[in-house]
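Right, one structure below, let's go through it.
Computation of the quantities below employed the complete heavy-atom set of this structure, encompassing side-chain atoms and omitting hydrogens, waters and symmetry-equivalent molecules. Along the sequence shown, the residues carry numbers beginning at 1.
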Amino acid sequence: YAGHAMTEGLRRETAAHGVREQLGAPGMVDTELLGNTGEGAVLDGYLAYKGSIGGGLQPTDIADAIVAAYSLPQHISYRELVVAPTSQDA
């Protein structure tokens with residue numbers, strides 16, 4: 001919620017100057033984020049969930065979505081961009 005509130009506040013302050021602010025909220029993405037997590041319930045649960053939805057998105061999927069939003073005409077603004085695997089339920 002804090003990220004959303006900060007982004008919305010910044011958007012309100014800068015909109016009159018033609019600045020587009022966007023909150024990006026990626027779902028599961030295949031990264032090495034949990035690479036430092038040792039064996040255990042956290043890693044096991046993550047891997048089980050990831051397998052149950054057919055894996056996460058690639059980082060390039062997120063980058064492509066951001067570029068698509070940025071490429072819109074200046075008078076259009078995506079205020080929030082939620083990108084997740086279609087099968088991800090949370």
Side-chain angles (χ1 to χ4, degrees):
Y1 295 111
H4 186 275
M6 288 187 289
T7 303
E8 181 61 14
L10 187 58
R11 184 196 66 75
R12 290 180 183 193
E13 289 179 15
T14 61
H17 305 287
V19 177
R20 298 182 293 180
E21 303 296 338
Q22 174 182 301
L23 174 67
M28 182 167 286
V29 180
D30 286 333
T31 67
E32 297 181 17
L33 180 63
L34 293 179
N36 294 327
T37 302
E39 301 291 324
V42 171
L43 183 58
D44 292 345
Y46 169 79
L47 293 174
Y49 181 70
K50 182 177 169 181
S52 76
I53 65 168
L57 298 175
Q58 295 301 306
T60 54
D61 296 326
I62 305 303
D64 290 345
I66 293 168
V67 168
Y70 179 77
S71 298
L72 291 170
Q74 185 64 29
H75 70 281
I76 300 173
S77 178
Y78 285 170
R79 294 182 182 181
E80 294 184 36
L81 183 63
V82 180
V83 183
T86 301
S87 58
Q88 184 174 347
D89 59 354

Is there a donor-acceptor pair closer than 3.5 Å between any side-chain N or O of Gln88 and the backbone N or O of Met28? yes
Output the distance between atom CD (Glu80) and atom NE2 (His4), rounded to the nearest 0.5 Å. 3.5 Å
What's the shortest heavy-atom distance between Glu21 and Val19, and which atoms? OE2-CG1, 3.1 Å
Could you tell me whether the side chain of Arg20 and the main chain of Tyr78 form a donor-acceptor pair under 3.5 Å? no
So how far is it from Ile66 CD1 to Gln22 CD, rounded to the nearest 0.5 Å? 6.5 Å
How far apart are the closest heavy atoms of Pro85 and Gly56, and which atoms are they? CG-CA, 4.1 Å
Mind checking whether Val82 and Ile53 sit in one hydrophobic cluster, side chains of I, L, V, M, F, W, Y counted as touching below 4.5 Å? no
With rounding to the nearest 0.5 angstrom, report the OG1 to CG distance, Thr60 to Asp30. 10.0 Å
Rounded distance (nearest 0.5 Å) linking atom OG1 of Thr31 with atom CG of Leu57: 11.0 Å
I'd like to know if the side chain of Gln74 reaches the main chain of Gly18, judged simply by a donor and an acceptor atom lying under 3.5 Å from each other, with no hydrogens or angles considered. yes
Same apolar cluster (I L V M F W Y, side chains within < 4.5 Å links), Leu81/Leu23: no
Do Ile76 and Val83 share a hydrophobic cluster (ILVMFWY, side-chain heavy atoms under 4.5 Å, transitive)? yes
Applying a strict under-4.5 Å side-chain criterion to I, L, V, M, F, W and Y, I'd like to know whether Tyr46 and Tyr49 cluster together. yes
Can you tell me how far OG1 of Thr7 sits from CZ of Arg12, rounded to the nearest 0.5 angstrom? 12.0 Å
Which heavy atom of Val29 sits nearest to which heavy atom of Pro26, and what is that distance? CG2-CB, 4.0 Å
